[in-house]
Structure formats: structure tokens, C-alpha cells
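Below, each value reflects all heavy atoms present in this structure, side chains not excepted, and no hydrogens, waters or symmetry copies. Indexing begins at 1, ligand by ligand and atom by atom, following the structure's order.
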Amino acid sequence: MSKILLVTGSSGLIGSEVCAHFARELGYAVHGVDNNQRAVFFGPSGDTRWNEQRLRRELKGFAHHELDVRDRAGVLALVKQIKPDAIVHTAAQPSHDRAAAIPFDDFDTNATGTLNLLEAARQACPESPFVHMSTNKVYGDAPNRIALRELPTRWDYADPAYAEGIPETFSIDQSKHSLFGASKVAADVMVQEYGRYFGLPTCCLRGGCLTGPNHSGVELHGFLSFLVKCNLEAREYKIFGYKGKQVRDNIHSLDVARFMAAFVAAPRAGEVYNLGGGKANSTSILEAFKIVEKLTGQPQVYAYDERNRIGDHICYYSDLRKMRAHYPDWDITQSLEETLRQIVEAWRQRKP
Ligand SMILES: NC(=O)c1ccc[n+]([C@@H]2O[C@H](COP(=O)([O-])OP(=O)(O)OC[C@H]3O[C@@H](n4cnc5c(N)ncnc54)[C@H](O)[C@@H]3O)[C@@H](O)[C@H]2O)c1
């Protein structure tokens with residue numbers, strides 16, 4: 001009998017990668033939950049049906065459930081029915097800019113949806129590892145208070161305490177989060193609590209920029225994917241503030257799925273990890289333009305708006321030392337250049 005994995009947000013970037021990795025590499029029978037809410041949040045360009053179809057076509061034994069994680073009774077019934085051996089929760093309203101326009105949808109999805117799943121897990125399968133995709137936005141804009149130095153194409157930390165990046169001990173309190181960051185904090189703390197209070201094997205993965213060829217990148221979410229799309233279509237990419245030198249660490253969705261698999265194999269309770277590409281996979285927008293131009297041979301068309309996005313990080317990269325210490329067999333396998341090469345290839349093939 002195959003082990004059973006339940007993945008929420010299965011048609012999204014991370015969810016779909018997790019489904020494929022666990023089904024193909026680890027032999028799991030995978031149940032996906034997704035209602036294509038991304039298309040509701042972001043319009044037709046955020047549509048994830050193509051990815052759902054791909055999973056149905058390519059993964060043996062894949063079962064899709066058209067379920068909204070806000071549907072408490074529906075979530076409980078499904079978890080009780082399939083009793084998964086592990087749960088990976090990636091369904092979310094993922095954009096901080098979008099959240100301001102839809103505060104109830106954002107909170108109900110991100111915070112209450114997570115609680116629905118946690119409680120269902122506690123009732124039906126309390127021994128099963130529960131992996132939650134959190135975000136570095138739980139730190140709010142506090143990372144912007146770290147002393148910075150300006151380099152020709154990027155900002156970097158001037159404070160040697162952050163030479164390796166932002167650790168998990170960084171404060172999540174008393175900073176500006178955006179409504180999205182706040183709803184994700186609620187979920188993050190609840191996932192920790194189900195670990196600490198009830199002893200469930202839970203973890204929060206506070207993602208940096210998660211990316212890869214299966215992202216339906218839109219202006220408000222999925223910056224590298226959207227940037228490549230703009231380059232290929234010769235469309236203008238708009239930079240918001242910080243001189244285009246703002247830094248993000250980027251991790252390929254495959255390396256995210258590999259870390260989740262490592263946690264599921266050796267779970268701990270109530271853990272928190274900063275899951276990003278680390279310093280080696282960090283880039284500024286200006287630097288990303290250069291890499292993509294080299295890959296496509298096309299110049300990047302862009303405009304600059306002085307106003308930065310509210311609460312946007314100036315420089316953020318994750319300190320990966322805790323992940324590497326707890327799971328020494330895991331490491332980043334996909335470089336930034338390789339990841340971008342795959343994104344270019346995917347957009348070229350994926351014509352609507
Ligand atoms: N992509 C990133 O850069 C990034 C960075 C940090 C954290 N994260 C987190 O990782 C997780 C996954 O992000 P992603 O980039 O794969 O996002 P995504 O939008 O590609 O995938 C999320 C999926 O969840 C589905 N969904 C949304 N609301 C739902 C609901 N109410 N019921 C059922 N399904 C629903 C969407 O249709 C979508 O397919 C999210 O929790 C996000 O906050 C992502």
C-alpha cells in the first residue's frame with residue numbers, strides 16, 4: 001500500500017511541485033485540494049487549471065478535490081476519509097498587495113483555512129507530519145531596520161550579524177506586515193501551537209521567493225516568473241522603488257519539495273525554518289534583468305516608479321544554517337541561473 005499525501009493548493013507553484021515529487025520520487029498516492037482560487041484573486045492570468053490538468057495527466061493515482069480550504073466541514077470530512085500519512089498545506093492568498101483589497105478573503109483563506117486543516121489533522125491523523133508554507137513577510141518590514149550598504153547593483157547588509165542572512169530568531173513583532181503578512185502570522189503561530197501545545201509534528205516554512213517553471217507569475221505575485229514573461233513578450237516591467245536594487249533570495253520549487261520530504265521523513269514538533277535560496281541564490285531586480293537578457297537575447301523593457309511597495313523588503317535573504325543543521329542531507333541543488341533558464345523555457349512552451 002502506498003503512503004498517502006494530502007496537498008492543499010495542489011495546482012499552484014509549490015503544491016504542484018510537491019505532488020509531482022512525492023508521487024514520482026517517493027511513491028506516494030497524492031490527493032490534491034485546489035479550487036483555482038488564484039484565478040479569482042488575480043484574474044485569468046492567474047488561472048491554474050493548466051497545472052491541475054497536467055497533474056491529472058502525468059501523475060499515476062493522483063486524485064483532485066475541488067474543495068475550498070475555507071469549507072471547514074468539507075476539509076474535516078476529506079481528511080477523515082483519506083487519513084493522510086502527511087499533509088502539505090500550500091493553499092493561500094499569496095500576495096501582500098492584493099490582501100488590502102480583499103481582507104476577509106485573505107484572512108479566511110490564510111488564517112482560518114490553516115486552522116481548519118490543523119484541527120482536521122488533530123482529529124483524524126495527529127501522528128502525520130504537517131508542513132505549512134509560511135512566508136518571510138511574517139517578519140514584516142523589520143528587516144528594513146538592519147543597516148545596509150549600497151553596492152553598484154544591489155543593497156546588502158552592513159551589519160555583520162546578518163552576513164549569513166535572516167535567522168528564525170528574528171522578531172515577528174511590532175513591524176508593518178501588510179494584511180497578508182498579518183494573516184500569515186496568525187497561521188504561522190497556530191501551526192507552531194498545534195506542535196507545541198498538542199504535540200503534532202508541524203513545521204512552518206517561512207519562504208523567501210519561491211519560484212520555478214510552473215509558476216503562473218503575475219505582477220502582484222511571482223516576481224521572477226513575471227519578469228521573464230515580460231522580457232519574452234517585450235512588455236514593460238515596472239520597478240517599485242529602492243532603485244531596482246532590492247534583493248530577494250530565490251529557491252526553486254524542487255528544492256522546497258525536497259526539504260518538505262526531508263521533514264516528513266524525520267519530523268519534529270512546532271518547528272520554524274527560513275526557507276529561501278540563501279545568499280548564493282539572491283539577486284536584485286537589476287541583476288535579474290541582466291541574467292534574463294543573457295538567456296533570451298532580448299533587452300528588458302522597464303519603467304521606474306519612485307514609490308516602493310508598502311512594507312516591501314529592501315534586502316532579504318534567508319539564513320539557511322538551521323535547515324542544514326537539522327537536515328544535513330538537504331541543500332540547494334538548483335542555482336539561480338539554472339532556475340531562470342527553466343522559467344524561460346517554460347514560458348516559451350506554455351502558450352495560452
Ligand atoms: N511563491 C512565493 O514566492 C512564496 C514566497 C513565500 C511564501 N509563499 C507561500 O507558499 C505557498 C504557496 O505559494 P505559491 O507560490 O505556490 O502560490 P500559488 O498561488 O501558485 O498556489 C496556491 C494555490 O492555492 C490555491 N488556493 C488559494 N486559495 C484556496 C482556497 N481557499 N481553497 C483551495 N485552494 C486555494 C490557488 O488556486 C493556487 O493554485 C503560500 O502559502 C504562499 O504564501 C510563496
Report whether Phe22 and Phe263 are members of the same hydrophobic cluster (ILVMFWY, side-chain heavy atoms less than 4.5 Å apart, transitive linking). yes
Is there a path of hydrophobic side-chain contacts, each under 4.5 Å between heavy atoms, that joins Leu286 and Val292? yes
At a 4.0 Å threshold, what atoms of ligand 1 neighbour a non-hydrogen atom of [X]?
X: Thr48; answer: 39 (O)
X: Leu67; answer: 32 (N), 33 (C)
X: Cys209; answer: 3 (O)
X: Asn35; answer: 29 (C), 30 (C), 32 (N), 33 (C), 34 (N), 35 (C)

May I ask you to decide if the ring planes of His31 and His65 are parallel, tilted or perpendicular, using 30° and 60° as cut-offs? parallel
Hey, does [X] sit under 4.0 Å from ligand 1 if you only count heavy atoms?
X: Thr8; result: no
X: Lys184; result: yes
X: Ser16; result: no
X: Gly113; result: no
X: Gly46; result: no
X: Phe41; result: yes

Would you please indicate yes or no on a ring centroid separation below 6.0 angstrom for Tyr237 and Phe289? yes
Using a plain distance cutoff, I'd like to know if [X] has any nitrogen or oxygen under 3.5 Å from a nitrogen or oxygen of ligand 1.
X: Asn136; result: no
X: Gln37; result: yes
X: Val69; result: yes
X: Met133; result: yes
X: Asp34; result: yes
X: Gly207; result: no
X: Leu210; result: yes
X: Gly9; result: no

[Y]/[X] salt bridge by N-O under 4.0 Å criterion:
X: Arg122; Y: Glu119; result: yes
X: Asp319; Y: Arg324; result: no
X: Asp47; Y: Arg49; result: no
X: Arg309; Y: Asp97; result: yes

For ligand 1, which part of Leu13 has a heavy atom less than 4.0 Å away: the side chain, the backbone, both, or neither? both
Any side-chain donor near an acceptor of the partner, Glu338 and His252, under 3.5 Å: no
Side chains of Asp85 and Ser128 only: does a donor on one sit below 3.5 Å from an acceptor on the other? no
Output every pair passing side-chain hydrogen bond (donor to acceptor under 3.5 Å, both in side chains) with a member in residues 157-179, not counting sequence neighbours, ordered by first then second residue. none
Could you walk me through whether Arg341 and Glu337 pass the salt bridge (charged side-chain N to carboxylate O under 4.0 Å, His left out) check? CA-CA 6 Å; Arg341 193 195 61 71; Glu337 282 74 14; over 6 Å; no
